[in-house]
**Q** 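Have a look at this one.
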Amino acid sequence: MLADIDEKSLEAKAKELSGEFSPDVVRTTVCNVTDEKSVISAMEHCSAEFGGMDVLVSNAGIASSAPLEDTSLKLWNRTMDILSTGYFLVSREGFKVMKAQNIGGSIVFVASKNGLVASTGASAYCTAKGAEVQLSRAVALEGAPLGIRCNVVNPDAVLKGSKIWNSGWKKERADAYKMSELELEDMYRQRSLLKRSVFPEDIAEAIYFFASDTSSKSTGNIINVDAGHAPSFTR
């Protein structure tokens, strides 16, 4: 079940996956994670189409960047609505479905390196991502007696294929680091301990690990997929 607020993106991705796997195993639902009724409807649609829910990946994304004194209340609220409240609504409703099924389940949050370590000029984003990490731990605590696991994947600097970079975020981060947008990817690569770029496929592998039974004894945990960023080492 693919859920997105962008209908065109949903249609394109559904067509791609249907061609690769089969239309029988792909469904879509338009979902606005900031709208409680929309989230509830999406969960109901998934349950009706597939008979329930075994895995929930919460990965609605937005980026915001501004110096603290230039961070408007509008920017702060929009960031919190999507990245904090949105994750809460999605995990709450998914939790309800999994609890009713009484067969456990896996919830995976896609957060960010900024959930563990702050960056200059991104106070709203860093705060919201920190909230996601803490929420995941609360979900893990309440879900454990029910066999419902909750874990976090923290990406960093995924430029390729990320819609976040289609907004002003790329320029804003380049400006924050006092460089051109063309220099940004290499800066992130050289900043990493492994000197490697991080791609969407790398994030997908980590999500799959937490979603699968391979990680059946893991809950309340974090995988950083950042090619090594020492300040973000979990502690």
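By convention here, the first residue in the shown sequence is residue 1. No experiment lies behind these values; they were computed from the predicted model shown. Values below: all heavy atoms of this structure, side chains included; hydrogens, waters and symmetry mates excluded.
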**Q** What pair of heavy atoms forms the shortest contact from Tyr87 to Lys129, and how long is it?
**A** OH-NZ, 4.1 Å
**Q** Does any part of the side chain of Val57, heavy atoms only, come nearer than 4.5 Å to the side chain of Val110, both counted from C-beta?
**A** yes
**Q** Would Asp81 and Arg78 pass as an ion pair if we require N to O under 4.0 Å?
**A** no
**Q** If two hydrophobic side chains count as joined below 4.5 Å and joins carry through other members, does Val117 share a cluster with Met187?
**A** no
**Q** For Phe210 and Asn221, run side chain to side chain contact (heavy atoms under 4.5 Å, CB included): C-alpha distance rounded to whole Å, both residues' side-chain angles, the deciding distance at 0.1 Å, then the answer.
**A** CA-CA 9 Å; Phe210 276 145; Asn221 286 322; 4.3 Å; yes
**Q** Say you draw a straight line from CE of Met80 to CG of Leu75; how long is it, rounded to the nearest 0.5 Å?
**A** 9.5 Å
**Q** Report the C-alpha distance between Asp226 and Leu193 in whole Å, list the side-chain angles of each, state the deciding distance to 0.1 Å, and finish with yes or no for side chain to side chain contact (heavy atoms under 4.5 Å, CB included).
**A** CA-CA 9 Å; Asp226 54 15; Leu193 296 175; over 6 Å; no
**Q** Inspect the surroundings of CG in Asp213 and state if more than 12 heavy atoms from other residues, nucleotides or ligands are less than 6.0 Å away.
**A** no
**Q** If I compare all heavy atoms of Ser64 with all of Thr79, which pair ends up nearest, and what's the gap?
**A** OG-OG1, 3.0 Å
**Q** Enumerate the residue pairs fulfilling side-chain hydrogen bond (donor to acceptor under 3.5 Å, both in side chains) with a member in residues 22-41, sequence neighbours excluded, ordered by first and then second residue.
**A** Arg27-Glu49, Asn32-Thr34, Glu36-Arg92
**Q** Consider only side-chain heavy atoms of I, L, V, M, F, W and Y, link residues closer than 4.5 Å, and tell whether Ile107 and Ile40 are in one cluster.
**A** no
**Q** Quick one: does Ser192's side chain have a donor or acceptor within less than 3.5 Å of a partner on Arg189's backbone?
**A** yes
**Q** Identify the heavy atoms of Ile148 and Met98 that sit nearest to each other, and give their distance.
**A** CD1-CB, 3.6 Å
**Q** Between Ser119 and Lys113, is a side chain to side chain contact (heavy atoms under 4.5 Å, CB included) present by the stated rule, with each step listed?
**A** CA-CA 9 Å; Ser119 292; Lys113 170 266 291 181; 3.1 Å; yes
**Q** Which heavy atom in Asn154 sits nearest to a heavy atom in Ala111, and how many Å separate them?
**A** OD1-CB, 3.1 Å
**Q** Look up atom CG in Leu56 and atom SG in Cys46, then write down how far apart they are to the nearest 0.5 Å.
**A** 8.5 Å
**Q** For residues Val97 and Met43, report the shortest heavy-atom separation together with the two atoms involved.
**A** CG2-CB, 4.4 Å
**Q** Is it the case that atom NZ in Lys15 sees more than 12 heavy atoms from other parts of the structure closer than 6.0 Å?
**A** no
**Q** For atom CD of Glu7, is the number of surrounding heavy atoms from other residues, nucleotides or ligands below 6.0 Å larger than 12?
**A** no
**Q** Is Val90 reachable from Leu146 through a run of hydrophobic residues whose side-chain heavy atoms are each under 4.5 Å from the next?
**A** yes
**Q** Indicate, with yes or no, if Ile5 and Val39 share a hydrophobic cluster defined by side-chain heavy-atom contacts under 4.5 Å among Ile, Leu, Val, Met, Phe, Trp and Tyr.
**A** no
**Q** Ion pair present between Lys96 and Glu93, side-chain N to carboxylate O less than 4.0 angstrom?
**A** yes
**Q** Treat each ILVMFWY residue as a node, draw an edge where side-chain heavy atoms are under 4.5 Å apart, and state whether Met1 and Ile207 are in one component.
**A** no
**Q** Between Asp156 and Arg191, does a side chain to side chain contact (heavy atoms under 4.5 Å, CB included) hold up when you go through it step by step?
**A** CA-CA 11 Å; Asp156 183 36; Arg191 185 182 72 180; 2.7 Å; yes
**Q** Within the distance-only criterion (no hydrogens, no angle test), does the side chain of Thr219 pair as donor or acceptor with the backbone N or O of Arg149 below 3.5 angstrom?
**A** no
**Q** Going from OG on Ser58 to CG on Leu135, what distance comes out if it is rounded to the nearest 0.5 angstrom?
**A** 8.5 Å
**Q** In the hydrophobic clustering (ILVMFWY, side-chain contacts below 4.5 Å, transitive), which residues join Leu2, or is it alone?
**A** Leu10, Leu17, Phe21, Val25, Val26, Val30
**Q** Check Ser197 against Glu185 and note the closest heavy-atom contact, atom names and distance.
**A** OG-OE2, 3.5 Å
**Q** Just wondering, do His229 and Asn224 contact through their side chains at under 4.5 Å, heavy atoms?
**A** no
**Q** Could you tell me whether the side chain of Ile222 reaches within less than 4.5 Å of the side chain of Leu116, counting heavy atoms only?
**A** yes
**Q** Give a yes or no on whether a salt bridge exists between Arg196 and Asp202, defined as a side-chain N under 4.0 angstrom from a carboxylate O.
**A** no
**Q** Is any side-chain heavy atom of Val153 closer than 4.5 Å to a side-chain heavy atom of Phe209?
**A** no
**Q** What's the spacing between Asn77 CG and Ser84 OG if we round to 0.5 Å?
**A** 11.0 Å
**Q** Enter the distance from Asp4:CG to Asn59:CG here, rounded to the nearest 0.5 Å.
**A** 8.5 Å
**Q** Just verifying a value: how many Å separate Cys150 SG and Phe109 CZ, rounded to the nearest 0.5 Å?
**A** 4.5 Å
**Q** Hey, does the side chain of Ser65 reach the backbone of Gly121 with a donor-acceptor pair shorter than 3.5 angstrom?
**A** yes
